[in-house]
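Beneath this line is the structure, given in structure tokens, with notes to follow.
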Number of protein chains: 2
Amino acid sequence: MLDIVRQDTEENPSGADRVFTFFRDRLLSGELKAGDRLLGERELALALGVSRPVLREALRSLAMLGLLDIRHGRGAYVRSADASVLGQALTLCLAPEPNILDDVLQARIAIECQAIRLACLRASERDLQAIAALLDTLVDSLDDPETGGGADYAFHLAIVRASGSSALMKIYEAISPLLMRSHVERRRDTFREPAITSGLVEAHRQVFLALAQRDPDEAERRLRAHFAIGDELRRKNLISTYQGQGKAS
Amino acid sequence: MLDIVRQDTEENPSGADRVFTFFRDRLLSGELKAGDRLLGERELALALGVSRPVLREALRSLAMLGLLDIRHGRGAYVRSADASVLGQALTLCLAPEPNILDDVLQARIAIECQAIRLACLRASERDLQAIAALLDTLVDSLDDPETGGGADYAFHLAIVRASGSSALMKIYEAISPLLMRSHVERRRDTFREPAITSGLVEAHRQVFLALAQRDPDEAERRLRAHFAIGDELRRKNLISTYQGQGKAS
DNA sequence: GTCAGTCCGTGGTCTGACCACTTTAGGCAG
DNA sequence: CTGCCTAAAGTGGTCAGACCACGGACTGAC
């Protein structure tokens, strides 16, 4: 086999690792479903043949990964798959990289462009109605940068959801935290001028229209055009910032 | 006791959670770099004002997330960002979803199509040479399904790398484990017939040519065509499988 | 019937000890 | 002096038992 991913280079699954793997596999195989309640720590430790601290190390690790929900005085429950942990992991993974806030936009474009293509093929009437409704929300919240940003995100998210691809959806949710950070970083700069916001609404409308007409190529083209405008704005904003303050290196 | 960590903005981050957050933030801020060695467990526990079991719960969690490398008798070292954990998290996250092996292909297409667009703009001569070399490898390993599959993956990975986007790269690595699973699942079926393999090589060559000519639209079109062929093969194979009604090994 | 207090099961934490692995420094033989 | 080998020190790994804190359920009084 290929050594693309080598997590278990070593064959020494001792203690907590054994317990961790034990539960992870049960989770993967579906033997443990979301909402299930685990036995008490003392009983589990006895059943698995480890001491309670070791058992707790494994349980805590699973909780940190978002697989368990451990509540004081009540017990440990299997949690449904949650993209927030994915997002955290991605953030951690990308943290040392430079310009990550700009770079993550590329991932966003990648996901959305494929999503809208799929959505053209798969979106239900209900999906389209939901997206249309969000378009209205977008129009209504033009004057409020805060809700406007939320509506913008909701619109794009709805498109990804309409793709019917859970993989795309999960990844999109995973990059959302980073997207948010890059968003708030420049929200003030781009969301104020009427010329921009009106153009923004028009771009969204164009995207939606192509989607409603089930035209993948056109939908992707318009979506890319929308992103390109944002990119252009960002660039201009960057230039004016450096011109205004003159802190070139 | 010196309370190094005092952030009660949230609810009640007690014990191991506090320690976990403490180290996670140091990792995020870059205060702890890859390769750094942590103090001993006893000293850390003392310094952070918790007992050793609690400290160990946090450390173990960080290790499970791939942020630490704890080695018996030697100590705990900060590990460089690793996409394998991301892959595991994604696998866990997507586990309950149906048809995930097919669905993850959509994510692959998404990443690669955007990557090749960026690569057309950003790829260095060295990148192109590397990809060309992998194309040769692909041709040379036509008769061996095993190395052929590896060469195929390496070719596509090189394109993503040439995009210069670490976000795309990390996500691509993250979905790789699932990609592998879906790959081996049908490798036997699609990698044997000469007509298919020759067409496969030609498709790769076309993709590379468009990339070398720095034509984003054409490169993406050819890449999509390549994926569409794979999709078609998969469909036909599915049909023949059901017609044959056999699960021969 | 409702409310309050109590009890019990649960996770949360602590202590201190011992085991296993690794490295290293010192001593012994050549 | 050099080389190997052994023993000690430092580190993570595990264990046991005890106690605390929280939440829910039971039970009693009103």
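Throughout, protein chains are lettered first and strands after them, A, B, ... in sequence-line order, and every chain is numbered starting at 1. Treat the numbers as computed from the prediction; the structure is a model and nothing was measured.
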Using side-chain hydrogen bond (donor to acceptor under 3.5 Å, both in side chains) as the criterion, list what pairs up with A:Glu41, not counting sequence neighbours.
A:Arg52, A:Arg56
Which residues share a side-chain hydrogen bond (donor to acceptor under 3.5 Å, both in side chains) with A:Arg26, sequence neighbours left out:
A:Glu31
Do any side-chain nitrogens or oxygens of A:Arg71 fall under 4.0 Å of OP1 or OP2 in C:dG11?
no
Kindly say if B:Arg74 contacts the phosphate of C:dT23, meaning a side-chain N or O under 4.0 Å from OP1 or OP2.
yes
How long is the line joining [atom1] of [X] and [atom2] of [N], in whole Å?
{"X": "A:Arg56", "N": "D:dC20", "atom1": "CZ", "atom2": "C1'", "result": "13 Å"}
{"X": "A:Leu46", "N": "C:dG11", "atom1": "CG", "atom2": "P", "result": "14 Å"}
{"X": "A:Leu44", "N": "C:dG9", "atom1": "CG", "atom2": "P", "result": "17 Å"}
{"X": "B:Asp69", "N": "D:dT11", "atom1": "CG", "atom2": "P", "result": "17 Å"}
{"X": "A:Leu59", "N": "C:dT13", "atom1": "CG", "atom2": "P", "result": "13 Å"}
{"X": "A:Glu41", "N": "D:dT14", "atom1": "CD", "atom2": "C1'", "result": "16 Å"}
{"X": "A:Leu62", "N": "C:dG11", "atom1": "CG", "atom2": "C1'", "result": "16 Å"}
{"X": "A:Leu38", "N": "C:dG9", "atom1": "CG", "atom2": "C1'", "result": "16 Å"}

Which nucleotide wins on minimum distance to the side chain of B:Glu43, given the candidates D:dT11, C:dT10, D:dG13?
D:dT11
Nearest to the side chain of A:Arg37 - C:dT10, C:dT13, D:dG13?
C:dT10
Tell me every residue that passes ring-ring contact (aromatic ring centres under 6.0 Å, His included) with A:Phe155, counting only those two or more places apart in sequence or in another chain.
A:His204
Check ring-ring contact (aromatic ring centres under 6.0 Å, His included) between A:Phe23 and all other residues, then give those that pass, not counting sequence neighbours.
none
Give a yes or no on this: more than 12 heavy atoms of other residues, nucleotides or ligands lie within 6.0 Å of atom CZ of A:Arg126.
no
Base, sugar-phosphate or nothing for B:Leu39? Non-hydrogen atoms, less than 4.0 Å.
sugar-phosphate
How does protein contact run along nucleotides 14-20 of chain C, one letter per nucleotide 5' to 3', with B for base contact, S for sugar-phosphate only, - for none, heavy atoms under 4.0 Å?
BB-BB-B
A:Val104 to A:Leu101 - nearest heavy-atom pair and separation
CG1-O, 3.4 Å
Residues at least two apart in sequence or cross-chain that pass salt bridge (charged side-chain N to carboxylate O under 4.0 Å, His left out) with A:Asp69, listed by chain then number, are A:Arg71
